[in-house]
Structure formats: structure tokens, C-alpha cells
Amino acid sequence: MTTIVALVSQKGGVGKSTLARAIGREATRSGLEVKIADLDTQQGTATDWYRLRLNAKIDPAVPVELFRTAQQALAVAERYDLLIIDGPARTSKGTLDIARVANLVVQPTGASLDDLRPAVREFHALVQAGVPKEKLVFALNHIGTDVEANDARDYLTEAGYAILAGHLPERPGYRKAQNLGYAITETRFSGLNGKADALVQTLIDRIAHYG
Ligand SMILES: Nc1ncnc2c1ncn2[C@@H]1O[C@H](COP(=O)(O)OP(=O)(O)OP(=O)(O)O)[C@@H](O)[C@H]1O
Ligand SMILES: [Mg+2]
């Protein structure tokens with residue numbers, strides 16, 4: 001059985017590709033056959049990172065492939081234990097197609113109301129279109145303080161959605177790691193790795209239920 005996890009958002013730059021890579025890295029390390037399906041054909045962010053990682057000879061390799069649609073990614077899904085769909089921003093129709101095929105839909109979001117409002121609207125639209133609410137979960141990213149994280153958590157809980165445990169603080173160390181082909185669980189800072197790992201592991205634990 002293949003599990004499909006999708007990273008989606010209406011807003012750009014929230015951390016879809018960042019989380020896709022980290023989930024891919026941790027799931028691979030836990031022994032799963034993983035493929036990241038990069039649906040962002042314009043930017044190919046995950047694909048670039050894969051090439052960087054291969055050239056830097058970083059283990060484990062986490063294979064990434066570009067696909068034009070969720071359906072095309074789905075066609076190869078059965079070869080893997082876990083297919084991670086890294087969605088493009090700002091494509092409502094595409095997002096619905098992705099959400100329909102995924103077992104779990106993760107939407108990273110920042111903590112400002114400007115981030116939270118459209119993020120909630122995006123999930124509401126998916127629910128309206130018939131996607132079961134149980135499939136949808138938020139991940140808090142670009143966080144400044146624990147208080148900020150808690151406030152955002154309250155807002156999203158009030159809106160009726162699940163949120164992954166933990167959050168990613170906004171840190172240059174995460175960017176630096178990815179610039180070099182590493183995942184955010186592989187930075188030079190154990191504190192940062194621990195925070196990223198805590199977030200990703202709650203997700204992988206959820207994935208284990210589908211296997
Ligand atoms: N917690 C963080 N701290 C610092 N930088 C971060 C953090 N999370 C993500 N970034 C950086 O923010 C930028 C956007 O992240 P990412 O590419 O993962 O977002 P995205 O949702 O995939 O964007 P897009 O919508 O363009 O596909 C990247 O440069 C990434 O390295
Ligand atoms: Mg991206």
C-alpha cells in the first residue's frame with residue numbers, strides 16, 4: 001500500500017518544498033521507499049535540491065521527479081511506500097486534484113492573520129469540495145516565538161482543523177542547510193534539527209497508520 005502525503009498552499013513560500021524534503025529524508029532513513037513528486041514545474045525547487053544533494057554525495061539520496069499533474073504522479077505511486085507531493089502555490093484546481101488523491105494533506109502556514117486567514121480559507125474550500133476534514137492538517141512555519149505559535153495554534157483549532165505538534169522557527173540555519181543540499185533535519189545545529197525532527201516525526205507516525 002502506498003501512502004500519499006501532499007504539501008499544498010495558496011500562498012507561496014510557506015514551506016511546502018522545505019517540508020517535502022524533510023519528510024522525504026526522514027522517511028527514507030526509516031526504511032521506506034520514497035519518491036518526492038515535484039508538481040512545481042515552473043520552479044522545480046525540490047528537483048534542484050535533489051541534484052544538489054546528489055552532487056554533494058549526501059546520504060540517503062531522496063529521489064525527486066517532476067510531474068505535470070497529480071494524476072501523472074499517481075501513476076507511478078504504487079512502486080513506493082510513500083509518495084510526497086510537493087504542490088505549486090496558487091492553483092486552486094490543481095490543489096483539489098492533489099487533495100483528492102492524497103491520504104494526508106499538509107498545509108504549512110505562517111502565524112500572522114494575513115497568513116492564517118487564506119490558509120483556513122484554502123482548507124474550507126477543500127472541505128466544501130468534498131475532501132474529508134480528517135485528511136487535512138496544518139504545519140506551523142516561519143515562527144518567531146512560542147507565544148506566536150500558540151496563538152496561531154488556537155486560531156487554527158478554533159477554525160476546526162488539526163495541527164502537527166511542534167513548529168519550525170524562522171532561522172537562517174534552515175535556509176543554509178537547504179542551500180547545500182541538506183534537509184532541515186540535517187542542519188549544523190542540533191536544536192534546529194530537533195525542532196524539525198519533532199514536527200516531521202509526528203507526520204511520519206501518522207503515515208504509519210496508513211501502511
Ligand atoms: N523555518 C524557516 N526558516 C528560515 N527559512 C525558511 C524556513 N522555512 C522555509 N524557509 C525558506 O523559505 C523559502 C520558501 O520555502 P519553500 O521553498 O519551502 O516554500 P514553498 O511553500 O515550497 O514555496 P513555493 O510556494 O514558492 O513553492 C526558502 O528559501 C526556504 O529555504
Ligand atoms: Mg515549493
Side-chain angles (χ1 to χ4, degrees), residues 5-26 35-53 56 58 62 64-70 73 83-95 98-99 102 105-112 114-116 118-119 121-123 136-146 148-149 152-153 163-203:
V5 174
L7 287 303
V8 304
S9 73
Q10 196 64 25
K11 283 208 140 193
V14 293
K16 297 180 295 298
S17 301
T18 295
L19 271 178
R21 297 156 174 175
I23 298 163
R25 193 270 185 180
E26 296 311 315
K35 169 81 96 182
I36 298 177
D38 186 353
L39 260 59
D40 196 344
T41 49
Q42 290 206 332
Q43 300 191 79
T45 315
T47 313
D48 287 348
W49 174 81
Y50 176 44
R51 193 175 306 120
L52 198 62
R53 191 173 173 92
I58 300 167
V62 184
V64 181
E65 190 174 336
L66 272 167
F67 293 93
R68 204 155 49 77
T69 65
L83 183 77
I84 303 164
I85 300 182
D86 182 10
R90 291 182 277 283
T91 55
S92 301
K93 170 68 168 66
T95 302
I98 293 168
V105 180
V106 183
Q107 184 178 190
T109 179
S112 73
D114 289 341
D115 291 336
L116 293 168
R121 241 182 273 129
E122 178 78 350
F123 270 179
L136 308 178
V137 63
F138 281 107
L140 297 174
N141 189 18
H142 297 298
I143 298 298
T145 63
D146 287 348
E148 189 180 45
R153 197 171 282 282
I163 309 129
L164 292 178
H167 64 261
L168 298 180
E170 172 71 26
R171 291 284 192 283
Y174 285 141
R175 283 192 289 274
K176 174 84 179 166
Q178 298 194 94
N179 286 345
L180 299 172
Y182 291 100
I184 53 168
T185 51
E186 302 170 313
T187 76
R188 294 172 49 209
F189 309 100
S190 59
L192 290 190
N193 297 347
K195 283 213 155 68
D197 203 44
L199 187 81
V200 168
Q201 283 307 328
T202 60
L203 225 162

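Ligands are counted one by one from 1 in listed order, and the atoms in each one are counted from 1 as well.
The shortest N/O to N/O separation between G15 and ligand 1 falls below 3.5 Å. Considering backbone and side-chain N/O atoms, R171 comes within less than 3.5 Å of an N/O atom of ligand 1. In terms of N/O distances under 3.5 Å, ligand 1 is approached by T18. Of the N or O atoms in G12, none lie within a sub-3.5 Å distance of an N or O in ligand 1. Between S17 and ligand 1, an N or O atom pair is found at a separation short of 3.5 Å.
Listed by number with element, the atoms of ligand 1 under 4.0 angstrom from any heavy atom of A89 are 25 (O). Each of the atoms 27 (O) of ligand 1 lies under 4.0 Å from some heavy atom of D40.
In this structure, T45 and R21 have side chains that are in contact, with non-hydrogen atoms separated by less than 4.5 Å. Side-chain contact between Q178 and I184 is present, with at least one heavy-atom pair separated by less than 4.5 Å. Between T187 and Y182 the shortest side-chain heavy-atom distance does not fall below 4.5 Å. No side-chain heavy atom of R121 sits less than 4.5 Å from a side-chain heavy atom of Q10. Side-chain atoms of R25 and R53, non-hydrogen and from C-beta on, do get closer than 4.5 Å to each other. With contacts defined as side-chain heavy-atom distances shorter than 4.5 Å, the pair T18/R175 does not qualify. D115 has its side chain out of reach of V14: every pair of non-hydrogen atoms, C-beta onward, lies at least 4.5 Å apart.
The closest protein non-hydrogen atom to atom 26 (O) of ligand 1 is Q43 NE2, 3.1 Å. Considering only non-hydrogen protein atoms, atom 11 (C) of ligand 1 sits nearest to R175 CG, 3.8 Å. Nearest protein heavy-atom contact of atom 20 (P) of ligand 1 is K16 N, 3.5 Å. Distance from atom 12 (O) of ligand 1 to its nearest protein heavy atom, with residue and atom name: H142 CE1, 3.8 Å. In terms of protein heavy-atom proximity, atom 31 (O) of ligand 1 is closest to Q178 NE2, 3.2 Å.
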For side chain to side chain donor-acceptor pair (under 3.5 Å), just list the numbers for S17 and D86, CA-CA rounded to whole Å, side-chain angles, deciding distance to a tenth of an Å, and then say yes or no.
-> CA-CA 6 Å; S17 301; D86 182 10; 2.7 Å; yes

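Under a 4.0 angstrom heavy-atom cut-off, P169 registers as being in contact with ligand 1. Under a 4.0 angstrom heavy-atom cut-off, G13 registers as being in contact with ligand 1.
Atoms CG and CG, from D40 and L7 in turn, are 11.5 Å apart once rounded to the nearest 0.5 Å.
Each of L19, V64, I36, V106 was checked for a side-chain contact (heavy atoms from CB on, under 4.5 Å) with I84, and the lone residue meeting it is I36.
The minimum heavy-atom distance between K16 and P88, with the atom names listed, is CE-C, 4.1 Å.
The Mg ion (ligand 2) lies under 2.8 Å from an N, O or S atom belonging to S17.
There is no protein heavy atom less than 4.0 angstrom from atom 28 (C) of ligand 1.
For N141, every heavy-atom contact with ligand 1 shorter than 4.0 Å involves the side chain, none the backbone.
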